[in-house]
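Basis for what follows: all heavy atoms, side chains included, without hydrogens, waters or symmetry-related copies.
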Amino acid sequence: MKTRRLTIRENINNVTFLRDHCYVDFDRAIFVNHDLPCALSRIETSLLTCLVSKLGHIVTYDELIIFVTEPITPNELHVHMSRIRKKIEDKSTSNNLISVRGVGYILIST
């Protein structure tokens with residue numbers, strides 16, 4: 001299977017870069033890290049959409065739960081956020097998804 005490279009000339013309206021060579025493509029519901037795509041579930045895509053809409057700001061647990069179209073519990077939210085973190089974080093760089101204990105999460109772009 002051949003992977004498609006994103007070039008500067010392409011339309012990147014629905015792409016959010018988290019760091020060099022790493023981005024979320026919401027049209028295709030994937031996270032791409034150094035040209036290696038990783039699929040996102042519907043809930044993961046919804047959660048990332050909410051976090052990206054408030055990039056750099058705290059998004060509360062309640063905001064995230066309300067934003068997702070499928071009903072999820074707070075425990076399920078934490079499980080989904082853990083899965084997102086495993087997909088988007090790079091061991092060699094600082095964290096992009098930060099937990100704010102008792103409040104919510106912050107997604108940052110480095």
May I have the step-by-step check of side-chain contact (heavy atoms from CB on, under 4.5 Å) for Ile43 and Glu70, ending in yes or no?
CA-CA 8 Å; Ile43 292 175; Glu70 300 173 37; 3.7 Å; yes
From His57 NE2 over to Ile106 CD1, what is the distance, rounded to the nearest 0.5 angstrom?
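The distance works out to 9.5 Å.
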Heavy atoms, side chains only, cut-off 4.5 Å: are [X] and [Y] in contact?
{"X": "Phe26", "Y": "Val15", "result": "no"}
{"X": "Ile88", "Y": "Leu107", "result": "yes"}
{"X": "Ile84", "Y": "Leu47", "result": "yes"}
{"X": "Leu97", "Y": "Met81", "result": "yes"}
{"X": "His21", "Y": "Asn33", "result": "no"}
{"X": "Ile98", "Y": "Ile108", "result": "yes"}
{"X": "Thr16", "Y": "Ser109", "result": "no"}

Under a 3.5 Å cutoff, is there a donor and acceptor pairing between the side chains of Arg83 and Ser41?
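The answer is no; no qualifying pair exists.
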For residues 48-56, which side-chain donor-acceptor pairs fall under 3.5 Å, sequence neighbours excluded?
{"unit_1": "Thr49", "atom_1": "OG1", "unit_2": "Thr45", "atom_2": "O", "d": "2.7"}
{"unit_1": "Ser53", "atom_1": "OG", "unit_2": "Cys50", "atom_2": "O", "d": "2.6"}
{"unit_1": "Lys54", "atom_1": "NZ", "unit_2": "Glu63", "atom_2": "OE2", "d": "2.4"}

Run the numbers on Thr69 and Arg42 for side-chain hydrogen bond (donor to acceptor under 3.5 Å, both in side chains), then give the verdict.
CA-CA 9 Å; Thr69 56; Arg42 278 191 320 266; over 6 Å; no
Stepwise side-chain contact (heavy atoms from CB on, under 4.5 Å) test for Tyr23 and Val32
CA-CA 5 Å; Tyr23 60 90; Val32 179; 3.6 Å; yes
Nearest atoms (heavy-atom pairs only) where [X] meets [Y]:
{"X": "Ile65", "Y": "Ile72", "result": "CG2-O, 3.7 Å"}
{"X": "Glu76", "Y": "Pro71", "result": "OE1-O, 4.2 Å"}
{"X": "Ala39", "Y": "Ile30", "result": "CA-CG2, 4.1 Å"}

Output yes when a side-chain donor or acceptor of Asn96 lies under 3.5 Å from a complementary backbone atom of Leu18, and no otherwise.
yes
Which residue pairs pass the ring pair (Phe, Tyr, Trp, His ring centres under 6.0 Å) test when at least one of the two sits in residues 64-84, sequence neighbours left out?
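For residues 64-84, and leaving out neighbouring residues, the ring pair (Phe, Tyr, Trp, His ring centres under 6.0 Å) pairs sorted by first residue read Tyr61-His78.
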